[in-house]
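Report on one structure; see the data block that follows.
Heads up: numbering here begins at 1 and tracks the sequence. All values below come from the heavy atoms of this structure, side chains included, with hydrogens, waters and symmetry mates left out.
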Amino acid sequence: QVQLAESGGGLVQAGGSLRLSCVVSGRTLSNLSMGWFRQAPGKERESVGGAAWQSITAYAESVKGRFTISRDNAKNTVYLQMNSLKPEDTAVYYCAATSRTLLASRAILQATEYDYWGQGTQVTVSS
(Lines give C-alpha, C1' and ligand atoms only; values in the text may rest on other atoms or scores of the structure.)
Protein backbone atom coordinates (compact mmCIF):
# COMPACT_ATOMS: atom_id res chain seq x y z
CA GLN A 1 0.00 0.00 0.00
CA VAL A 2 1.36 3.37 -1.02
CA GLN A 3 1.22 6.14 1.56
CA LEU A 4 1.86 9.80 0.83
CA ALA A 5 2.64 12.55 3.32
CA GLU A 6 2.74 16.19 2.26
CA SER A 7 4.43 18.95 4.20
CA GLY A 8 5.74 22.45 3.70
CA GLY A 9 2.53 24.42 3.47
CA GLY A 10 2.01 27.69 5.26
CA LEU A 11 1.26 31.37 4.98
CA VAL A 12 3.25 33.46 2.53
CA GLN A 13 2.89 36.91 1.01
CA ALA A 14 2.13 37.37 -2.65
CA GLY A 15 5.30 37.11 -4.69
CA GLY A 16 6.89 34.74 -2.20
CA SER A 17 7.91 31.11 -2.50
CA LEU A 18 7.19 27.82 -0.82
CA ARG A 19 8.42 24.29 -1.38
CA LEU A 20 6.09 21.42 -0.69
CA SER A 21 7.35 17.92 -0.08
CA CYS A 22 5.60 14.60 -0.55
CA VAL A 23 7.26 11.61 1.09
CA VAL A 24 6.32 8.26 -0.40
CA SER A 25 6.27 5.04 1.58
CA GLY A 26 5.27 1.53 0.65
CA ARG A 27 6.63 1.71 -2.88
CA THR A 28 9.78 2.87 -4.60
CA LEU A 29 9.27 6.34 -6.04
CA SER A 30 11.00 5.45 -9.29
CA ASN A 31 8.15 3.01 -9.99
CA LEU A 32 5.44 5.66 -9.58
CA SER A 33 3.95 8.49 -11.57
CA MET A 34 3.33 11.46 -9.29
CA GLY A 35 0.95 14.37 -9.46
CA TRP A 36 0.14 17.50 -7.52
CA PHE A 37 -3.40 18.84 -7.23
CA ARG A 38 -5.06 21.59 -5.27
CA GLN A 39 -8.50 22.51 -4.03
CA ALA A 40 -9.57 25.97 -2.96
CA PRO A 41 -12.63 26.55 -0.74
CA GLY A 42 -15.82 26.26 -2.75
CA LYS A 43 -13.99 25.14 -5.87
CA GLU A 44 -13.36 21.85 -7.55
CA ARG A 45 -10.03 20.10 -7.29
CA GLU A 46 -7.68 21.10 -10.08
CA SER A 47 -4.42 19.86 -11.40
CA VAL A 48 -1.16 21.63 -10.69
CA GLY A 49 1.22 19.30 -12.47
CA GLY A 50 2.93 15.96 -12.42
CA ALA A 51 6.20 14.12 -12.87
CA ALA A 52 5.79 10.81 -14.57
CA TRP A 53 8.06 8.29 -16.18
CA GLN A 54 11.71 9.32 -16.34
CA SER A 55 11.79 13.11 -16.79
CA ILE A 56 8.36 13.65 -18.22
CA THR A 57 6.58 16.56 -16.52
CA ALA A 58 3.41 18.47 -17.20
CA TYR A 59 1.96 21.62 -15.68
CA ALA A 60 -1.35 23.38 -15.62
CA GLU A 61 -1.38 26.62 -17.60
CA SER A 62 -2.06 28.62 -14.45
CA VAL A 63 1.25 27.62 -12.87
CA LYS A 64 3.57 27.23 -15.85
CA GLY A 65 6.77 29.18 -15.39
CA ARG A 66 6.14 29.59 -11.65
CA PHE A 67 5.94 26.04 -10.27
CA THR A 68 8.45 23.22 -10.70
CA ILE A 69 8.09 19.57 -9.78
CA SER A 70 11.13 17.47 -9.02
CA ARG A 71 11.77 13.96 -7.78
CA ASP A 72 14.46 12.68 -5.43
CA ASN A 73 14.34 8.93 -5.82
CA ALA A 74 17.00 8.43 -3.16
CA LYS A 75 14.76 10.14 -0.61
CA ASN A 76 11.53 8.76 -2.06
CA THR A 77 10.29 12.33 -2.11
CA VAL A 78 8.62 14.57 -4.67
CA TYR A 79 8.83 18.34 -4.41
CA LEU A 80 6.66 21.17 -5.63
CA GLN A 81 8.63 24.41 -5.78
CA MET A 82 6.24 27.34 -5.97
CA ASN A 83 7.56 30.77 -6.88
CA SER A 84 5.85 34.10 -7.56
CA LEU A 85 2.87 32.98 -5.54
CA LYS A 86 -0.46 34.71 -6.02
CA PRO A 87 -3.51 34.93 -3.74
CA GLU A 88 -5.36 32.69 -6.19
CA ASP A 89 -2.84 29.92 -5.44
CA THR A 90 -4.39 29.62 -1.97
CA ALA A 91 -5.65 26.05 -1.58
CA VAL A 92 -5.05 22.70 0.02
CA TYR A 93 -2.38 20.97 -2.01
CA TYR A 94 -2.39 17.22 -2.45
CA CYS A 95 0.12 14.84 -3.92
CA ALA A 96 -1.05 11.73 -5.69
CA ALA A 97 0.54 8.58 -7.07
CA THR A 98 -0.12 5.76 -9.45
CA SER A 99 1.88 2.74 -10.52
CA ARG A 100 0.76 3.32 -14.10
CA THR A 101 3.27 4.85 -16.48
CA LEU A 102 1.70 8.11 -17.55
CA LEU A 103 3.21 9.50 -20.74
CA ALA A 104 0.72 12.02 -22.08
CA SER A 105 0.34 15.43 -20.49
CA ARG A 106 -3.42 15.05 -20.39
CA ALA A 107 -3.08 11.84 -18.38
CA ILE A 108 -0.51 13.32 -16.00
CA LEU A 109 -2.90 16.18 -15.23
CA GLN A 110 -5.97 13.97 -14.82
CA ALA A 111 -6.92 13.23 -11.20
CA THR A 112 -8.73 10.02 -12.13
CA GLU A 113 -5.43 8.50 -13.27
CA TYR A 114 -4.13 8.43 -9.70
CA ASP A 115 -4.84 5.72 -7.13
CA TYR A 116 -3.21 7.06 -3.97
CA TRP A 117 -3.63 10.42 -2.30
CA GLY A 118 -2.07 12.27 0.59
CA GLN A 119 -3.93 14.19 3.29
CA GLY A 120 -3.03 17.59 1.89
CA THR A 121 -1.20 20.66 3.13
CA GLN A 122 -2.64 24.16 3.31
CA VAL A 123 -1.06 26.97 1.33
CA THR A 124 -2.31 30.49 1.98
CA VAL A 125 -1.06 33.44 -0.04
CA SER A 126 -1.87 36.87 1.34
CA SER A 127 -2.17 39.94 -0.85
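- Chaining together hydrophobic side chains whose heavy atoms lie under 4.5 Å apart places Y59 alongside V2, L4, V12, L18, L20, V24, L29, L32, M34, W36, V48, V63, F67, I69, V78, L80, M82, L85, Y93, Y116, V123, V125.
- For the side-chain hydrogen bond (donor to acceptor under 3.5 Å, both in side chains) condition, the pairs that include at least one residue of residues 11-33, sequence neighbours left out, are S17-N83.
- Distance CZ/R38 to CZ/R45: 13.5 Å, rounded to 0.5 Å.
- Under a cut-off of 6.0 angstrom, the local environment of CD in Q119 is sparse, with at most 12 non-hydrogen atoms contributed by other residues, nucleotides or ligands.
- Put simply, OG on S62 and CG on D89 are 7.5 Å apart, with the number rounded to the nearest 0.5 Å.
- Legend: residues meeting side chain to side chain donor-acceptor pair (under 3.5 Å) with E61, ordered by chain and number and at least two apart, are K64.
- Annotation: the span from L11 atom CG to Q122 atom CD amounts to 9.5 Å, rounded to 0.5 Å.
- Contacts classified as salt bridge (charged side-chain N to carboxylate O under 4.0 Å, His left out) and involving residues 96-106 (residues at least two apart or in different chains) are given here: R100-E113, R100-D115.
- A14 approaches S127 most closely through the heavy-atom pair CB-CA, 4.4 Å.
- At distances below 3.5 Å, at least one donor-acceptor pair connects side-chain atoms of E6 with backbone N or O atoms of G120.
- Here the CD-CZ distance, from Q81 to R66, works out to 12.0 Å after rounding to the nearest 0.5 Å.
- The ring pair (Phe, Tyr, Trp, His ring centres under 6.0 Å) check on Y114 picks up F37, with sequence neighbours excluded.
- Residues satisfying the side chain to side chain donor-acceptor pair (under 3.5 Å) criterion with E88, sequence neighbours excluded, are absent altogether.
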